[in-house]
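Notes follow the structure.
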Amino acid sequence: MPITLAVKGQEYQVQRITGKDEVRRYLENLGVVAGGLIMVVAESSAGLIVNAKGTRLALDLAMARRIMI
């Protein structure tokens with residue numbers, strides 16, 4: 001399931017990242033990698049704020065839908 005359906009405050013393991021190679025590399029450079037832990041900190045109609053490897057990231061919904069947990 002995509003991270004957009006995650007429960008806020010619960011930690012999940014990233015199963016895979018979908019999309020083009022450049023999108024996957026971009027997320028990996030931010031610390032979102034398959035097998036890593038990720039947690040939704042806040043959500044709004046525009047996107048999510050997630051915590052990955054101790055870093056908070058703001059992702060729009062299109063980018064967040066690419067992260068499968």
Practice prompt. Have a look at Leu59 and tell me which of Leu27, Thr4, Val40 forms a side chain to side chain contact (heavy atoms under 4.5 Å, CB included) with it.
Written response: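 Of all the options given, the one that passes is Leu27.
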Worksheet item: Under a single-linkage definition using a 4.5 Å side-chain heavy-atom cutoff for Ile, Leu, Val, Met, Phe, Trp and Tyr, are Met39 and Leu57 assigned to the same hydrophobic cluster?
Response: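 Unlinked, Met39 and Leu57 end up in two clusters.
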Worksheet item: Is there a path from Leu48 to Leu30 through hydrophobic residues (I, L, V, M, F, W, Y) whose side chains come within less than 4.5 Å of each other?
Response: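 Same cluster.
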Minimum heavy-atom separation for [X] and [Y], please, with both atom names.
X: Ser45; Y: Leu61; answer: O-CD1, 3.4 Å
X: Ala52; Y: Gly31; answer: CB-O, 4.0 Å
X: Thr18; Y: Arg24; answer: O-CG, 4.0 Å
X: Ile69; Y: Ile3; answer: CG2-CD1, 3.7 Å
X: Pro2; Y: Arg65; answer: CB-O, 3.8 Å
X: Ala42; Y: Lys8; answer: CA-CD, 4.0 Å

Less than 4.5 Å apart, any side-chain heavy atom of [X] and any of [Y]?
X: Arg66; Y: Val23; result: yes
X: Met68; Y: Met1; result: no
X: Val33; Y: Lys53; result: yes
X: Tyr12; Y: Val7; result: yes
X: Ile67; Y: Val32; result: yes
X: Ile38; Y: Glu11; result: no

Worksheet item: Has the side chain of Gln13 got a donor or acceptor atom that lies under 3.5 Å from a matching backbone atom of Gly35?
Response: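 Indeed, once roles are kept as given, a pair shorter than 3.5 Å links the two residues.
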